Engineer: 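After the structure tokens below, expect a handful of questions from me.
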Amino acid sequence: HRWLLGMGSAPHHDRLRHVGSGGISRLNAVVLGEALAAEENDLVFPSHDFSRHAHISSPEQYQNMYERSIEDPAGFWSNIASQFCWKKRWNPEVCSENIDVRRGTVKIEWFKGGVTNICYNALDRNIEAGNGDKVALYWEGNEPGQDAQLTYAQMLEKVCQLANYLKNVGVGKGDTVIIYLPMLMELPIAMLACARIGAIHSVVFAGFSAESLSQRIVDCKPKAMISCNAVCRGAKVIHLKEIVDTALVESVNSGVPVDLCLIFENKSAMKRESTKWQIGRDVWWEDVVPQFPTKCLVEWVDAEDPLFLLYTSGSTGKPKGVLHTNGGYMVYTATTFKYAFDYKPSDVYWCTADCGWITGHSYITYGPLLNGATILVFEGAPSYPDPGRCWDIVDKYKVTILYTAPTLVRALMRDGDEYVTRYSRKSLRILGSVGEPINPSAWRWFYNVVGDSRCPISDTWWQTETGGFMITPIPGAWPQKPGSATFPFFGIQPVIVDEKGNEIEGECTGYLCIKKSWPGAFRSLYGDHERYETTYFKPFAGYYFTGDGCSRDKDGYHWLTGRVDDVINVSGHRIGTAEVESALVSHPHCAEAAVVGVDHEVKGQGIYAFVTLVDGIPYSEEVRKSLILAVRNQIGAFAAPDKIHWAPAIPKTRSGKIMRRILRKIASRQLDELGDTSTLVDPSVVDQLIALIDH
Ligand code: 6R9
């Protein structure tokens, strides 16, 4: 980042520049992947005042720290790790790794031999430092006016009661617990309770179907499951307990029974009287947990003991159980949170993600609480009862840091500026974006309208696998470019490689890989270390392969260009094309299916499915609906195809591979760019597909 140094430390406000106005008029022009060239020179500087008060306030300061983190990673991270509580200090080597498959098994270890507990560090340590009465968590319910709060001391009591209950029913160190909860405060409480006793939590996003839930249960064989009876999202009531019941029947049939199901009675959504119950297996949270003591000694664990599993989608049908461990993850999430959001103790932090995804793990529960921050947990839907809800919440709690996703930004942008400008929003100081590339016009609207052109945006690029931010702005340190995630975090060495795995320097586009490990890196795929090596470390030997494409511009800024594998990113949710295809072909009328991603104005990408029906079944609206229903039932509503395209046949190569390149072109109506179709077994298939476009 030589250029960064060249920027010197002249007062930033001299160069402060407001970017062109966003607004709805521009939305019609939103084309994802807008020409980057035009944007590259658009620098948006933090104000002088912002930089002056920031942890890192100049390119030089970043550069010095970054260099130290690369030259002496052990020293750099040990220094930071020492700020946490360790029962026993880690081994002298700090990090031992092999990420090069050519040299044997891939292994990553940080702070090995160190003994700690992440729950202790997130709660007890902050209380001991005098913050027991500070609000740890504000909870805002689905209905405006429904709210609650917990101080650090109160939160610890709740966590201890649940931890004691879990121990009492025989859950111990190394046991897995599935958590299938919506955004109630019981969700982070349950995560922390597991961590406290050394149990491994596996949170399943409450939008997943019974089938997906049981698939995860069968994979990780939990000792217990924690859920609730129902939840309201917007105007809808979702009966989670019914989904749990179905999932548990399926898991019994697969030979993995779950003996204990702790159910929270979410009274505002549903009374316990109307909840179906299986005596002997189901237990009401409220009947047991509050009877347990509010103090619970922690189970001290090795830094490399597992903390959690989180399933994510890949290029094949079976979700991968991403495994994170305690020590490195703790140090990394806390540090990235502090610097990328320039965290100050007076902040009120709201992340709109769900704890069912990695963002909620690292940046609702762990990273913020490890810093002693006040977090906001929101149960509801962002546009309920109207599109002003987010800004109502921002004003109500005086939110200072708002971390959200481009898909929500685009949806709110479409609803119009009036919903935003009717609220003050003057508490806001930093905005954040995650989940997919943010297109420059959405960035501008977020910056100009939501942030009144005064709040820097941290566009954080990272993944379930990386545990924490990898490429991210440090908001007070350098100017941003709308749509670029900017530069690597401390200790991270991103490289862009070509098809053959050669690093390319300077201005370029290629595959994004990472050299060397970092403390927050995942350590394995649960029960399948071989798949871990094959998916991430074999494609480009010597590197971790991210699955993303990336460009670097002349100033060294990074521009993520999206997935290069068969993973679609719908509203920031990762969905494997293979998963949707397998859900479709499970439908008795479906002979074959091929799924591709297609640009979508709000969701980023939409799901476009080509479907061949079995002989004799005519195309009909009814079949179309039942195919979509099959996907909703097998994966979840968020994976429902946006479009079903009838296909008399699917274009394939002679070796039997589906030609997705051609399908993508047809899906995006780029019919004059189909390219070479001569390698297809039957090129006339393409004309048949085109003829059915409007069918
Ligand atoms: C944290 C999270 C990871 C994939 C990743 C990439 C995309 C996430 C991004 C981004 C561009 C950003 N992605 N953040 N692309 N800019 N700021 O989302 O994890 O659900 O595992 O998804 O999301 O494609 O590979 P995960």
Side-chain angles (χ1 to χ4, degrees), residues 97-110 174 176 178 200-205 208 211-222 251 254-256 304-325 328-329 356-358 361 462-467 470 497 501 511-518 520-549 563-569 573-583 595 634-635 639 657-658 660:
E97 70 169 32
N98 171 41
I99 67 160
D100 188 339
V101 279
R102 293 165 302 194
R103 287 191 289 159
T105 307
V106 173
K107 196 182 88 190
I108 299 172
E109 286 178 341
W110 282 82
T176 304
I178 286 241
I200 306 166
H201 58 70
S202 181
V203 182
V204 177
F205 171 56
F208 273 112
E211 180 116 9
S212 292
L213 178 57
S214 80
Q215 194 179 23
R216 285 155 176 74
I217 292 170
V218 171
D219 195 69
C220 76
K221 303 180 184 54
S251 72
S254 308
V256 183
E304 284 301 338
D305 281 335
L307 172 62
F308 67 84
L309 294 179
L310 183 58
Y311 287 86
T312 189
S313 295
S315 330
T316 66
K318 194 172 167 256
K320 306 178 277 196
V322 168
L323 176 82
H324 282 284
T325 57
Y329 178 83
W357 308 111
I358 190 67
H361 281 63
W462 60 295
Q463 308 176 295
T464 305
E465 293 86 343
T466 69
M470 300 292 281
V497 303
Y511 301 98
L512 180 63
C513 290
I514 312 289
K515 223 187 215 175
K516 300 272 193 195
S517 77
W518 60 98
F522 67 142
R523 307 301 202 245
S524 192
L525 291 179
Y526 185 68
D528 201 349
H529 199 72
E530 199 182 319
R531 189 174 176 199
Y532 173 71
E533 295 182 337
T534 315
T535 314
Y536 301 102
F537 300 95
K538 278 198 182 141
F540 299 104
Y543 304 106
Y544 162 70
F545 173 47
T546 64
D548 279 329
R563 303 286 307 190
V564 294
D565 52 9
D566 292 327
V567 172
I568 321 182
N569 191 327
H573 300 151
R574 270 167 74 167
I575 300 167
T577 52
E579 285 172 78
V580 182
E581 286 162 5
S582 100
V595 168
Q634 288 211 15
I635 306 175
K657 283 216 175 75
I658 296 177
R660 288 177 198 277

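As the structure is a computational prediction, the values presented were derived from the model and not from experiment.
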Engineer: Under the side chain to side chain contact (heavy atoms under 4.5 Å, CB included) rule, what do Asp305 and Thr325 come out as? Steps first, then yes or no, please.
Structural biologist: CA-CA 5 Å; Asp305 281 335; Thr325 57; over 6 Å; no
Engineer: Ion pair present between Glu97 and Lys107, side-chain N to carboxylate O less than 4.0 angstrom?
Structural biologist: no
Engineer: In the structure I gave you, are the side-chain heavy atoms of Leu309 and Leu323 within less than 4.5 Å of one another anywhere?
Structural biologist: yes
Engineer: Can you check whether Arg574 reaches Arg563 side chain to side chain, under 4.5 Å on heavy atoms?
Structural biologist: yes
Engineer: Main chain of Asp566, side chain of Thr577: is a donor-acceptor contact present, judged purely on distance under 3.5 Å?
Structural biologist: yes
Engineer: Under 3.5 Å, side chain of Asp100 to main-chain N/O of Tyr543, donor-acceptor pair present?
Structural biologist: no
Engineer: Can you see which heavy atom on Cys513 is nearest to which on Val497, and at what distance?
Structural biologist: SG-CG2, 3.8 Å
Engineer: Answer with yes or no after comparing the ring centroid distance for Phe545 and Phe537 against a 6.0 Å cut-off, counting only values under it.
Structural biologist: no
Engineer: Using distance alone, with no hydrogens and no angle criterion, decide if Glu579 and Ser313 have a side-chain donor and acceptor under 3.5 Å apart.
Structural biologist: yes
Engineer: Can you name the side-chain contact (heavy atoms from CB on, under 4.5 Å) partners of Leu213, sequence neighbours left out?
Structural biologist: Ile178, Tyr180, Val204, Ile217, Met225, Val244, Ala247
Engineer: Which of parallel (below 30°), tilted (30 to 60°) and perpendicular (above 60°) describes Tyr329 and His324?
Structural biologist: tilted
Engineer: Would you find a donor on one side and an acceptor on the other, under 3.5 Å apart, between the side chain of Thr546 and the backbone of Asp548?
Structural biologist: yes
Engineer: Is the shortest side-chain heavy-atom distance between Thr105 and Asn98 below 4.5 Å?
Structural biologist: no
Engineer: Checking Tyr536 against Lys320: is there a side-chain donor and acceptor pair closer than 3.5 Å?
Structural biologist: yes
Engineer: What is the minimum heavy-atom distance between Thr464 and Thr312, and which atoms define it?
Structural biologist: OG1-OG1, 3.8 Å
Engineer: Taking all non-hydrogen atoms of both residues into account, name the closest pair between Trp462 and Gly467 and its distance.
Structural biologist: CZ3-O, 3.5 Å
Engineer: Would you call the rings of Tyr544 and Phe522 parallel, tilted or perpendicular, taking 30° and 60° as the class edges?
Structural biologist: perpendicular
Engineer: Any chance you could lay out the side chain to side chain contact (heavy atoms under 4.5 Å, CB included) test for Leu525 and Glu530, step after step, and finish with the verdict?
Structural biologist: CA-CA 8 Å; Leu525 291 179; Glu530 199 182 319; over 6 Å; no
Engineer: Quick one: do the Trp518 and Thr466 side chains pair a donor with an acceptor below 3.5 Å?
Structural biologist: no
Engineer: Side chains of Arg216 and Cys220: closer than 4.5 Å at any heavy-atom pair?
Structural biologist: no
Engineer: Which pair of non-hydrogen atoms, one from Gly174 and one from Ile200, has the smallest distance, and what is that distance?
Structural biologist: O-CD1, 3.5 Å
Engineer: Using modelled atom types only, decide if a donor and an acceptor are shared between the side chain of Ser212 and the backbone of Phe208 within a distance under 3.5 Å.
Structural biologist: no
Engineer: Are any non-hydrogen side-chain atoms of Glu304 and Trp110 less than 4.5 angstrom apart?
Structural biologist: yes
Engineer: At their closest point, which heavy atom of Ala521 faces which heavy atom of Arg523, and how far apart are they?
Structural biologist: O-NH1, 2.5 Å
Engineer: Over 60° means perpendicular and under 30° means parallel, so tell me whether His529 and Tyr532 are parallel, tilted or perpendicular.
Structural biologist: tilted
Engineer: In terms of side-chain heavy atoms, does Tyr311 have a donor or acceptor partner in Asp219 at a distance below 3.5 Å?
Structural biologist: yes
Engineer: Are Glu581 and Arg660 close enough for a salt bridge, meaning some N to O gap below 4.0 Å?
Structural biologist: yes
Engineer: Can you check whether Lys318 reaches Arg531 side chain to side chain, under 4.5 Å on heavy atoms?
Structural biologist: yes
Engineer: Might you point out which heavy atoms bring Val564 and Gly549 nearest each other, and give the distance in Å?
Structural biologist: CG1-N, 3.6 Å
Engineer: Apply side chain to side chain contact (heavy atoms under 4.5 Å, CB included) to Leu310 and His361, showing your working.
Structural biologist: CA-CA 9 Å; Leu310 183 58; His361 281 63; 3.8 Å; yes
Engineer: Checking side chain to side chain contact (heavy atoms under 4.5 Å, CB included) for the pair Ile568/Val595: CA distance, chi angles, key distance, verdict?
Structural biologist: CA-CA 9 Å; Ile568 321 182; Val595 168; 3.8 Å; yes
Engineer: Lys221 side chain to Val218 main-chain N or O, any donor-acceptor pair under 3.5 Å?
Structural biologist: yes
Engineer: Tell me if a side-chain donor or acceptor on Ser251 pairs with a main-chain N or O of Val256 at a distance below 3.5 Å.
Structural biologist: yes
